[in-house]
Amino acid sequence: MANITFSSPVMPKDITVYAVAGDRGTILAVAKAHKIPIPFDCQDGECGSCLVEVEHLNPNAIYGVALTEKEKEMLKQLGKISKAELENAEVNDMPPRYRLACQCFVRNEDIIVKFEGDQTLPSAGPYVTQAASRFKGGTEIPTVDEFLSYAVKVEEDAAVHFEALALTLETHGATEIAKLFRQLAAFSRQHLAEAKETAKSIDPAKSVPPDYAWPNQSSPEQASQWSGDVALMRLGALKAALQGERRGYEFYCAVVATAKSPEVVAAARQFVKEEAEHVKVLEAWITREEWATRGMPAH
């Protein structure tokens, strides 16, 4: 069983779907079943129109695969497989970074599938919620240093909350998800350090705009709800983390949408990209946890 997250500039937001390995065949078949707009033509590995980039969420547990000769030939023609990747595929059955969606079968692993989409269509803008749209009436961020001052606070807010969630889960033995939160906290602190290093000066008086601050997942009421059920705690913590991470993502999206300075927009776009990856990871974990709580067999 697998969570497949589809990501493309022609989609307003990433979409994660649950697929049963083997039952639905290829990535292209799953995409068609869920109306994901991966371009395709021949559906037989001979045209290259369904080229996708596949990212494995657990790089230490990648399933081996035997590439078909037609897929290897098409990837070579498209310049999307290196000599080293080809050798690794032929000798070790390890999949390359790029695949043809019509030739890539769903396995028991969580993946992110990225594709360009139909280039004759305009790219969809980032998905921005109502909270993010309200920022358009607020403070416009005119300089990179001011943006980075806000970014430092946003990343610090995320790191502190990830660490608090991790500590709660470690106390109750949910070490796998706690480890995920520790990793995400480390990423936030890395982004924080990079922002401080890049900025000429950081304004310590800046604070996270209220619409984008993390929810208080450590309230006594929530702790009481979680205390008697470890499964509820795991899922609740993941959902709290997703809610908080989405708020950071929305903040950076709002800056991209409202800033007039190209330099500010460029800086914010990098944060949008990084936050979107974190959101996708959390969405995949939530889907897997929800299926586990419904009694589905774990994989």
Under the side chain to side chain contact (heavy atoms under 4.5 Å, CB included) rule, what do Ser7 and Lys280 come out as? Steps first, then yes or no, please.
-> CA-CA 9 Å; Ser7 178; Lys280 286 184 285 189; 3.7 Å; yes
List the steps and the verdict of side chain to side chain contact (heavy atoms under 4.5 Å, CB included) for Leu86 and Glu90.
-> CA-CA 6 Å; Leu86 184 58; Glu90 292 177 337; 3.8 Å; yes
Would you please test Lys76 and Glu73 for salt bridge (charged side-chain N to carboxylate O under 4.0 Å, His left out) and show each step?
-> CA-CA 5 Å; Lys76 285 192 288 185; Glu73 181 58 33; 3.8 Å; yes
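Closest non-hydrogen pair, Leu75 versus Leu51, comes out as CD2-CD1, 3.7 Å. Listed here is the closest heavy atom pair of Ser201 and Ser149: O-OG, 4.1 Å. Pairing each heavy atom of Cys50 with each of Cys102, the nearest pair is SG-N, 3.4 Å. Taking each heavy atom of Ala185 and Phe162 in turn, the nearest pair found is CB-CB, 3.7 Å. Across all non-hydrogen atoms, the minimal contact from Glu85 to Lys80 is OE1-O, 4.1 Å. Residues Ile202 and Pro204 share a closest heavy-atom pair of O-CD, 3.1 Å.
The ring-ring contact (aromatic ring centres under 6.0 Å, His included) pairs that include a residue from residues 182-209 are Phe187-His278, His191-His278, where partners are two or more places apart or lie in different chains.
Environment of CD in Glu87: sparse, with no more than 12 heavy atoms of neighbouring residues, nucleotides or ligands closer than 6.0 Å. Counting heavy-atom neighbours within 6.0 Å of Lys70 NZ, excluding the residue itself, gives a total above 12. Annotation: Lys196, atom NZ; neighbour count of heavy atoms from other residues, nucleotides and ligands within 6.0 Å does not exceed 12. Atom CZ of Arg182 has more than 12 heavy atoms from other residues, nucleotides or ligands within 6.0 Å. No more than 12 heavy atoms of other residues, nucleotides or ligands shown are found within 6.0 angstrom of CD on Glu197.
Taking a cutoff of 4.0 Å between a charged side-chain nitrogen and a carboxylate oxygen, Glu53 and Arg99 do not qualify as a salt bridge. Of the charged side-chain nitrogens involved, at least one lies within less than 4.0 Å of a carboxylate oxygen, so that Glu69 and Lys72 count as a salt-bridged pair. Ion pairing between Arg247 and Glu250 fails under the 4.0 Å rule for side-chain N and carboxylate O. A salt bridge does not link Glu275 to Arg246: none of the charged side-chain nitrogens sits closer than 4.0 Å to a carboxylate oxygen. At a threshold of 4.0 Å, the pair Glu55-Arg97 does not count as salt-bridged, since none of the basic side-chain nitrogens sits closer than that to a carboxylate oxygen.
Between Thr171 atom OG1 and Leu167 atom CG the span is 4.5 Å, to the nearest 0.5 Å. Remark: Ile111 CD1 to Cys104 SG distance equals 6.0 Å, nearest 0.5 Å. Between the CG atom in Asp93 and the CG atom in Leu67 there is a gap of 8.5 Å [rounded to 0.5 Å]. To the nearest 0.5 Å, the span separating OG1 on Thr16 from CZ on Phe6 amounts to 9.5 Å. In this structure, OH on Tyr249 lies 12.0 Å from CG on Leu242, to the nearest 0.5 angstrom. Separation of atoms OH (Tyr150) and CD (Glu155) is listed at 15.5 Å; rounding is to 0.5 Å.
Both Val113 and Val17 are members of a single hydrophobic cluster when ILVMFWY side chains are connected at heavy-atom separations under 4.5 Å. The hydrophobic cluster containing Leu78 also contains Ile81, counting ILVMFWY residues as joined when their side-chain heavy atoms lie under 4.5 angstrom apart, directly or transitively.
With contacts defined as side-chain heavy-atom distances shorter than 4.5 Å, the pair Leu57/Trp285 does not qualify. Side-chain contact between Val52 and Tyr98 is absent, with no heavy atoms from C-beta onward closer than 4.5 Å. Residues Glu283 and Ile286 have side chains not in contact (no heavy-atom distance under 4.5 Å, counting atoms from C-beta outward). Residues Gln183 and Lys179 are in side-chain contact: their nearest non-hydrogen atoms beyond the backbone lie under 4.5 Å apart. Between Val256 and Val264, the closest side-chain pair of non-hydrogen atoms is not below 4.5 Å. Between Ile112 and Val54 the shortest side-chain heavy-atom distance does not fall below 4.5 Å. Thr175 has its side chain out of reach of Leu169: every pair of non-hydrogen atoms, C-beta onward, lies at least 4.5 Å apart. Between Leu180 and Leu282, some side-chain heavy-atom pair lies under the 4.5 Å cut-off.
Aromatic rings of Phe147 and Phe271 (six-membered ring for Trp) have centroids within the 6.0 Å cut-off, being under it.
For the pairing with Arg189, the salt bridge (Lys or Arg N to Asp or Glu O under 4.0 Å) check across Glu163, Glu156, Glu194 returns one residue only, Glu163.
Side-chain contact, Lys32 with Gln43: a donor N or O sits under 3.5 Å from an acceptor N or O. Between the side chains of Asp14 and Thr5, no donor-acceptor pair of N or O atoms lies under 3.5 Å.
Side-chain N or O atoms of Ser49 include one that pairs as donor or acceptor with a backbone N or O of Asp41 at under 3.5 Å. For Glu277 (side chain) and Glu274 (main-chain N/O), no donor-acceptor pair under 3.5 Å exists by modelled atom type. With hydrogens and angles ignored, the 3.5 Å screen pairs a side-chain donor or acceptor of Asp203 with a backbone N or O of Ala205. Between the side chain of Thr26 and the backbone N or O of Phe105 there is no donor-acceptor pair closer than 3.5 Å. Under the 3.5 Å distance criterion, the side-chain polar atoms of Asp110 are matched with a main-chain donor or acceptor of Asn3.
In terms of the side chain to side chain donor-acceptor pair (under 3.5 Å) criterion, residue partners of Glu263 (sequence neighbours excluded) are, by chain and number, Ser261.
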